Amino acid sequence: MSDAAYWLPVIWTVILAVAILIYVILDGFDLGIGMLFAVERDRGRRDIMVNTIAPVWDGNETWMILGGATLYGVFPGAYSTLLPALYLPILLMVLALIFRGVAFEFRIMTRETGRAGLWDIAFMGGSATAAFCQGAILGGVIQGVSVTKDAFNGGPLDWLTPFSILCGLSVMCGYALLGACWLVWRTTGVLEANCRYWARRLAVSLFVGIIAVSLWTPMLHAPYLVRWTDWPNILFVAPVPVLVVLLAFLFVRGLQKEHPVTPFLCALGWFFLCFTGLGISIFPYMVPPSLTLWDVSSPPSSQAFQLVGTAILIPIILAYTVYSYRVFRGKVTEADAYH
Amino acid sequence: MVSAASALLLARFQFAFTVGVHIVFPAFSIGLAAYLAVLEGLWLRTDKQVYLDLYRYWIKIFSVVFGMGVVSGLVMSYEFGTNWSVFSRKAGPITGVLLSYEVMTAFFLEAGFLGVMLFGMNKVGRGLHFAATCCVSVGTLISMTWILASNSWMQTPAGYSIDPATGRFMPEDWLAIVFNPSFPYRLVHMGMAAFLSVAFIIGGTAAWHMLRDKRKGLPISQPVKVMFSMAMWMATIVAPLQILAGDAHGLNTLKYQPVKIAALEGDWETESHAPEILFGIPNMKTEHTDYAIKLPFAGSLILTHSLDGKVPGMKDFPADQRPPSPIIFFSFRIMIALGMLMAATGFLSLYMRWRGRLFTSPFLHRLAVVMAPSGFLALLCGWVTTEVGRQPWTVYGLLRTADSVSPIMLPSMALSMTAFVVVYVIVFGSGIAILLRMLGRQPEEGEHDLSEQDAASVLGTRSHPETVLSSPDHGA
């Protein structure tokens, strides 16, 4: 294998992982806010919740489209194998995101017709379903996909296992936690206090989920187990669980001292660590347990051409994304009207 | 075999349905974003309230249209993988990379500045807000450019080689891939189609309000007049240009996809001095166009710009390489007819303008209302013509549609087809109802300068006393 053919897919795997992590973190709190509609019934407070994300959610969701497009262009083998394998959860996720995406506008525009309540339900249900599906898709990838040569050859319900359901529920808890912590940071008064209360409970359920998924994953395939238990690998991977526990202490303290940003940062830290742990488990497989990142990548000429653009454009994108967040910084209150 | 054929048919039907719904919204966004940028630019330049009133009116429509475009586009970016996995594995090294560039150069730009555009009017000041509007508008145009590069490459592939071991398309020359032979024609034709479609929606909305105000005996408001006038200028200038662009595109297609031309013309035999078939029913079985009404020599004249030019017939091509003629024969004619009517509307408005009756002619206003959806109908017919005309290939002449589909997944595809139809009817049905209700309201006229309160309630922005629109430091 030439140097380019070896290293380009590795570089791209890192870029893809970063893009997915950015997506998960950014759209995670968006989707979490949607789910928190289930426990926040007050219309005024719901409006505030939506107002905290209205100017930025569209950009957040674009990271997912980037993830899909990168998989398509750089790892077409993975794109064309995983998507048919995960047909139904992807379909369900897309449908859920349709309802949720239009609900941002429709719930305001239909206010005088009395149908706004239905679009609130669409917003909540869409967010919850999309979160669950993303977890289930993740679980489906980790547990592996049945492949002959380079195409999926399994059934439409292969992805549906207790493990993928557990992953789905854990991601729901995680996103809802991110949403609650985001609102603790960005809102005031009753809503802020409510979110602090929910954040504590959601953190406990996420913690349970993390432990269950972490114990279950190494049992799925022998290489996963080796990665976590083999000497000297253990030296490199041991900090992951240790840091998870450390963050838990910081999280509880941050909530008790009513610090605005600490809980959110801790929740982000958990996502980062879980994601890293996942990467440690499945690397170098792109379609576990049979296709590696080199098996599924496009020709070096495609990867190189896209890499040039990515190296130039992603920093620019990050710069104006930060600018946009800065424009809309600060606490959002009842006085902030929408439309 | 039966289930493979059904899965293929369902996958094709689903793609046609989802892309057909989707394409309307980006086209709407392209035209409307440019209109908003022009309105805001005019407002900054002239400081006339009417432009701001129109901006405030159309930006709400834009936010709803854009939202629907985003969610319907999300479907497309996954559908290639779920339903057309063989196509995406083989062509992904080219089309996937073009799509990624679209995401990085266009989607992020639109999404990043949309927030500022919708909610930032009194947070960033006039100049920066105008810059955000321009970024969104430019983003929609960049997006169109990449997606048409990808689509054109599938129609007239260039700059590639095929890996004999895997059958994958390997990029050799990215400039040749992007600037493939049909790309410039498609880009111009589609861009003008988007501008025209939106011009007719805007003109139709204004005309509807003028007719209603007249019936009620009310004077016609300034914003309605301005938007009607702007829309009719657009129709007057762009509709004839679009006919010229369409003609040039036709010559290009004749050169690179002659069988598509033969099929959309309903021509079976290759001939010089060919007539133009105005009406008929192409019959794929008997290889004959029934009930044909012909205009002598016109076929050669239109397609080759000379009376004795050679026009191809479908019989020159093997039966398994002919696109289904009846569909594109009609979609093509509907598009042409609508295009002519749009140009006629433009000329009529120019005449009425010259006679000073632009705002008083009930005939023109009724015509404009009827013509409101014509741009979008023509655009859809154009897409059917070009996409169905590419059949039976996904990558023209190289990869068959039948060989592009995912491994047989009939139950999944049947389920997803049903789900998409149900969800689209609910979501986009509601969306169109909401849009129509919004268009049914007149633009509000701001007689007074915007106060801080108004700015916040109208544009959904938050109050920031130091950057209010009316504050003197932002005055012109």
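Every chain is numbered from 1 and lettered A, B, ... according to where its sequence line falls, protein lines coming before strand lines. All values derive from a computational prediction rather than experimental measurement. What's counted below: heavy atoms across the whole structure, side chains too, no hydrogens, waters or symmetry copies.
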Taking a cut-off of under 4.5 angstrom between non-hydrogen atoms, the residues of residues 120-133 of chain A near chain B are none
Look only at the side chain of B/Tyr78 and the backbone of A/Leu91, and say whether a donor-acceptor pair between them is shorter than 3.5 Å.
-> no
So, the part of A/Leu88 with a heavy atom under 4.5 Å from chain B: the answer is side chain
Applying a strict 4.5 Å limit to non-hydrogen atoms, the region of B/Leu98 in contact with chain A is neither
So, the part of A/Trp63 with a heavy atom under 4.5 Å from chain B: the answer is both
Looking only at B/Leu109, B/Ile426, B/Leu128, the option with the highest number of non-hydrogen pairs under 4.5 Å against chain A is B/Leu109
Applying ring-ring contact (aromatic ring centres under 6.0 Å, His included) to A/Tyr323 and not counting sequence neighbours gives none
Separation between CG (A/Leu82) and OG1 (B/Thr82), nearest 0.5 Å, reads 12.5 Å
The interface call for A/Glu61 against chain B, heavy-atom contacts under 4.5 Å, is side chain
Looking only at B/Gly112, B/Gly67, B/Ser88, the option with the highest number of non-hydrogen pairs under 4.5 Å against chain A is B/Ser88
Bottom line for A/Ile316: the part with an atom under 4.5 Å from chain B's heavy atoms is neither
### Message
Has B/Ser100 got a side-chain atom pairing as donor or acceptor with A/Ala69's backbone, closer than 3.5 angstrom?
### Response
yes
Bottom line for B/Val70: the part with an atom under 4.5 Å from chain A's heavy atoms is side chain
| task | In sequence, state the C-alpha distance, the side-chain angles, and the governing distance for B/Ser430 and A/Trp119, and then conclude on side chain to side chain contact (heavy atoms under 4.5 Å, CB included). | result | CA-CA 10 Å; B/Ser430 308; A/Trp119 291 110; 3.5 Å; yes
Before you tell me yes or no, could you show the steps for A/Leu66 and B/Phe107 under side chain to side chain contact (heavy atoms under 4.5 Å, CB included), namely the whole-Å CA-CA distance, both residues' side-chain angles and the distance that decides it to 0.1 Å?
CA-CA 9 Å; A/Leu66 180 69; B/Phe107 289 176; over 6 Å; no
OG1 of B/Thr105 to CD1 of A/Ile312, rounded to nearest 0.5 Å, is 12.0 Å
When the 4.5 angstrom heavy-atom criterion is applied to A/Val102 and chain B, the contacting part is both
Within residues 160-173 of chain B, contacts to chain A at heavy-atom distances under 4.5 Å involve B/Arg168, B/Met170, B/Pro171
Looking only at A/Ser298, A/Pro84, A/Gly101, most heavy-atom pairs under 4.5 Å shared with chain B are made by A/Pro84
Turns out that what part of A/Ile317 lies under 4.5 Å from chain B's heavy atoms comes down to side chain
The salt bridge (Lys or Arg N to Asp or Glu O under 4.0 Å) partners of B/Arg441 (sequence neighbours excluded) come to A/Glu112
Applying a strict 4.5 Å limit to non-hydrogen atoms, the region of A/Thr321 in contact with chain B is neither
**Request:** Taking the side chain as every heavy atom from C-beta outward, state whether A/Ile98 and B/Leu74 have any pair of such atoms under 4.5 Å apart.
**Result:** no
Cut-off 4.5 Å, heavy atoms of chain B, and the answer for A/Leu313 is side chain
If one checks every heavy atom of B/Phe113 against chain A at 4.5 Å, the contacting part turns out to be side chain
Q: Could you tell me whether the side chain of B/Val103 reaches within less than 4.5 Å of the side chain of A/Thr62, counting heavy atoms only?
A: yes
Rounding to 0.5 Å, atoms NZ (B/Lys123) and CZ (A/Arg329) come to a distance of 7.5 Å
Turns out that what part of A/Ser297 lies under 4.5 Å from chain B's heavy atoms comes down to backbone
- Query: Taking the six-membered ring for Trp, are A/Phe305 and B/Tyr101 ring centroids under 6.0 Å apart?
  - Reply: yes
| task | Any chance you could lay out the side chain to side chain contact (heavy atoms under 4.5 Å, CB included) test for A/Thr110 and B/Ile434, step after step, and finish with the verdict? | result | CA-CA 7 Å; A/Thr110 53; B/Ile434 288 171; 3.5 Å; yes
inquiry  = Donor-acceptor check, side chain of A/Ser302 to backbone of B/Pro93, threshold 3.5 angstrom: yes or no?
reply    = yes
Okay, A/Phe106 and chain B: the region with an atom under 4.5 Å from a heavy atom over there is both
